[in-house]
Participant: 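Quick one: the structure is below, questions incoming.
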Amino acid sequence: QVQLVESGGGLVQNGGSLRLSCADSGRTFSNYAMAWFRQARGKEREFVAAISRAGITTYYADSVKGRFTISRDNAKNTVYLQMNSLKPEDAAIYYCAARRSLLYSGNGREYDYWGQGTQVTVSS
(Lines give C-alpha, C1' and ligand atoms only; values in the text may rest on other atoms or scores of the structure.)
Protein backbone atom coordinates (compact mmCIF):
# COMPACT_ATOMS: atom_id res chain seq x y z
CA GLN A 1 0.00 0.00 0.00
CA VAL A 2 1.22 3.49 -0.87
CA GLN A 3 0.40 6.49 1.28
CA LEU A 4 1.80 9.77 0.07
CA VAL A 5 2.20 12.86 2.23
CA GLU A 6 3.41 16.14 0.73
CA SER A 7 5.12 18.93 2.64
CA GLY A 8 7.15 22.04 2.02
CA GLY A 9 4.56 24.31 0.50
CA GLY A 10 4.11 27.89 1.61
CA LEU A 11 4.28 31.53 0.64
CA VAL A 12 7.27 32.75 -1.34
CA GLN A 13 8.09 35.94 -3.19
CA ASN A 14 8.31 36.18 -6.95
CA GLY A 15 11.70 34.76 -7.94
CA GLY A 16 12.06 32.77 -4.77
CA SER A 17 12.55 29.05 -4.15
CA LEU A 18 10.80 26.21 -2.37
CA ARG A 19 11.46 22.52 -2.04
CA LEU A 20 8.52 20.17 -1.85
CA SER A 21 8.78 16.71 -0.38
CA CYS A 22 6.52 13.71 -0.75
CA ALA A 23 7.04 10.80 1.61
CA ASP A 24 5.61 7.32 1.23
CA SER A 25 4.95 5.36 4.38
CA GLY A 26 4.84 2.04 2.51
CA ARG A 27 7.67 -0.33 1.74
CA THR A 28 7.41 -0.50 -2.04
CA PHE A 29 8.33 3.06 -3.00
CA SER A 30 11.06 1.99 -5.41
CA ASN A 31 8.47 0.05 -7.44
CA TYR A 32 6.76 3.27 -8.47
CA ALA A 33 7.47 5.96 -10.98
CA MET A 34 6.66 9.27 -9.32
CA ALA A 35 5.36 12.60 -10.53
CA TRP A 36 4.25 16.02 -9.43
CA PHE A 37 1.09 17.65 -10.70
CA ARG A 38 -0.48 20.97 -9.79
CA GLN A 39 -3.87 22.57 -9.87
CA ALA A 40 -4.39 26.29 -9.72
CA ARG A 41 -7.69 27.76 -8.62
CA GLY A 42 -10.23 27.54 -11.40
CA LYS A 43 -7.95 25.53 -13.65
CA GLU A 44 -7.52 21.89 -14.52
CA ARG A 45 -4.81 19.78 -13.00
CA GLU A 46 -1.61 19.85 -15.01
CA PHE A 47 1.54 17.78 -15.15
CA VAL A 48 4.71 19.31 -13.70
CA ALA A 49 7.48 16.70 -13.55
CA ALA A 50 8.08 12.96 -13.36
CA ILE A 51 10.90 10.61 -12.47
CA SER A 52 11.56 6.97 -13.19
CA ARG A 53 11.66 4.31 -10.50
CA ALA A 54 15.43 4.38 -10.14
CA GLY A 55 15.62 8.13 -10.55
CA ILE A 56 17.69 7.89 -13.71
CA THR A 57 15.38 9.68 -16.10
CA THR A 58 13.18 12.72 -15.60
CA TYR A 59 10.56 14.55 -17.60
CA TYR A 60 9.30 18.12 -17.24
CA ALA A 61 6.50 20.29 -18.48
CA ASP A 62 7.79 23.05 -20.73
CA SER A 63 6.51 25.67 -18.31
CA VAL A 64 8.89 24.57 -15.54
CA LYS A 65 11.85 23.22 -17.50
CA GLY A 66 15.08 24.79 -16.33
CA ARG A 67 13.50 26.08 -13.11
CA PHE A 68 12.23 22.95 -11.35
CA THR A 69 14.11 19.75 -10.54
CA ILE A 70 12.54 16.47 -9.53
CA SER A 71 14.59 13.93 -7.61
CA ARG A 72 14.06 10.96 -5.34
CA ASP A 73 15.74 9.13 -2.52
CA ASN A 74 14.50 5.54 -2.50
CA ALA A 75 16.26 4.84 0.81
CA LYS A 76 14.07 7.52 2.39
CA ASN A 77 10.93 6.71 0.36
CA THR A 78 10.78 10.35 -0.68
CA VAL A 79 10.46 12.33 -3.88
CA TYR A 80 11.36 16.00 -4.05
CA LEU A 81 10.55 18.97 -6.24
CA GLN A 82 13.05 21.82 -6.07
CA MET A 83 11.38 24.93 -7.42
CA ASN A 84 13.53 27.94 -8.29
CA SER A 85 12.72 31.26 -9.92
CA LEU A 86 9.11 30.92 -8.90
CA LYS A 87 6.52 33.01 -10.69
CA PRO A 88 2.99 33.99 -9.68
CA GLU A 89 1.66 31.58 -12.30
CA ASP A 90 3.31 28.71 -10.41
CA ALA A 91 0.90 29.21 -7.51
CA ALA A 92 -1.24 26.11 -7.09
CA ILE A 93 -1.86 23.09 -4.97
CA TYR A 94 0.91 20.64 -5.74
CA TYR A 95 0.22 16.90 -5.64
CA CYS A 96 2.59 13.98 -5.83
CA ALA A 97 1.48 10.79 -7.50
CA ALA A 98 2.75 7.23 -7.80
CA ARG A 99 2.48 4.91 -10.77
CA ARG A 100 3.25 1.24 -10.42
CA SER A 101 5.29 1.08 -13.57
CA LEU A 102 8.81 1.29 -14.85
CA LEU A 103 7.72 4.18 -17.04
CA TYR A 104 6.52 7.58 -15.92
CA SER A 105 3.71 9.43 -17.64
CA GLY A 106 2.43 12.95 -18.00
CA ASN A 107 -1.15 11.71 -17.83
CA GLY A 108 -2.62 11.90 -14.36
CA ARG A 109 -5.14 9.16 -15.14
CA GLU A 110 -2.26 6.69 -15.34
CA TYR A 111 -1.24 7.19 -11.72
CA ASP A 112 -2.45 4.88 -9.00
CA TYR A 113 -1.96 6.86 -5.79
CA TRP A 114 -2.12 10.53 -4.88
CA GLY A 115 -1.16 12.66 -1.93
CA GLN A 116 -3.43 15.23 -0.35
CA GLY A 117 -1.58 18.20 -1.81
CA THR A 118 0.43 21.14 -0.51
CA GLN A 119 -0.30 24.78 -1.28
CA VAL A 120 2.26 26.97 -2.99
CA THR A 121 1.59 30.71 -3.09
CA VAL A 122 3.82 33.15 -4.96
CA SER A 123 3.48 36.85 -4.21
CA SER A 124 4.10 39.29 -7.01
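Source: prediction; values computed, not measured.
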Participant: Are the side chain of Arg72 and the backbone N or O of Ser52 linked by a donor-acceptor pair below 3.5 Å?
Facilitator: yes
Participant: Could you grab the distance from atom CG of Asn77 to atom SG of Cys22, nearest 0.5 Å is fine?
Facilitator: 10.0 Å
Participant: Checking ring pair (Phe, Tyr, Trp, His ring centres under 6.0 Å) against Trp114, which of Tyr32, Trp36, Phe37 comes through?
Facilitator: Phe37
Participant: Would you please classify the geometry between the Tyr94 ring and the Phe68 ring as parallel, tilted or perpendicular, with 30° and 60° separating the classes?
Facilitator: tilted
Participant: Mind listing the closest non-hydrogen atom pair of Tyr104 and Ile51 along with its distance?
Facilitator: CD2-C, 3.6 Å
Participant: Locate the shortest heavy-atom distance separating Tyr60 from Thr69; write the atom from each residue and the value.
Facilitator: OH-CA, 3.3 Å
Participant: Identify whether Tyr59 and Ile70 are in the same connected component of the hydrophobic contact network (ILVMFWY, side-chain heavy atoms under 4.5 Å).
Facilitator: no
Participant: Looking just at side-chain N and O atoms, do Ser21 and Thr78 make a donor-acceptor pair shorter than 3.5 Å?
Facilitator: no
Participant: Hey, does Leu20 have a side-chain heavy atom less than 4.5 Å from the side chain of Glu6?
Facilitator: no
Participant: Report yes if the side chains of Lys87 and Val122 come closer than 4.5 Å at any heavy-atom pair, otherwise no.
Facilitator: no
Participant: Identify the heavy atoms of Asn14 and Pro88 that sit nearest to each other, and give their distance.
Facilitator: OD1-CD, 3.6 Å
Participant: What pair of heavy atoms forms the shortest contact from Thr121 to Ala91, and how long is it?
Facilitator: CA-CB, 4.2 Å
Participant: I'd like to know if the side chain of Asp24 and the backbone of Gln3 have a donor-acceptor N/O pair within less than 3.5 Å.
Facilitator: yes
Participant: Might you point out which heavy atoms bring Ala33 and Leu103 nearest each other, and give the distance in Å?
Facilitator: CB-O, 3.7 Å
Participant: Can you give me every donor-acceptor pair (side chain of residues 43-50, partner residue at least two apart or in another chain, under 3.5 Å) with its distance?
Facilitator:
residue, atom, partner, partner atom, Å
Glu46, OE2, Arg38, NE, 2.5
Glu46, OE2, Arg38, NH2, 3.0

Participant: Can you find a pair of side-chain heavy atoms, one from Ser123 and one from Leu11, that are under 4.5 Å apart?
Facilitator: yes
Participant: As an exercise, state the distance from OG of Ser124 to CD of Glu89, rounded to the nearest 0.5 Å.
Facilitator: 10.0 Å
Participant: Where do Arg53 and Asn74 come nearest, in terms of heavy atoms and distance?
Facilitator: O-ND2, 3.0 Å
Participant: Report yes or no: do Val64 and Val12 belong to one cluster of Ile/Leu/Val/Met/Phe/Trp/Tyr joined by side chain heavy-atom distances under 4.5 Å?
Facilitator: yes
Participant: Take a 6.0 Å sphere around CD of Glu110 and say whether it holds more than 12 heavy atoms from other residues, nucleotides or ligands.
Facilitator: yes
Participant: Under the salt bridge (charged side-chain N to carboxylate O under 4.0 Å, His left out) rule, collect the residues that match up with Arg67, sequence neighbours excluded.
Facilitator: Asp90
Participant: Indicate, with yes or no, if Val120 and Leu81 share a hydrophobic cluster defined by side-chain heavy-atom contacts under 4.5 Å among Ile, Leu, Val, Met, Phe, Trp and Tyr.
Facilitator: yes
Participant: How many angstroms lie between atom CG of Asn31 and atom OG of Ser101, to the nearest 0.5 angstrom?
Facilitator: 11.0 Å
Participant: Are Tyr95 and Val2 connected in the hydrophobic side-chain network, where two residues link if heavy atoms are under 4.5 Å apart?
Facilitator: no
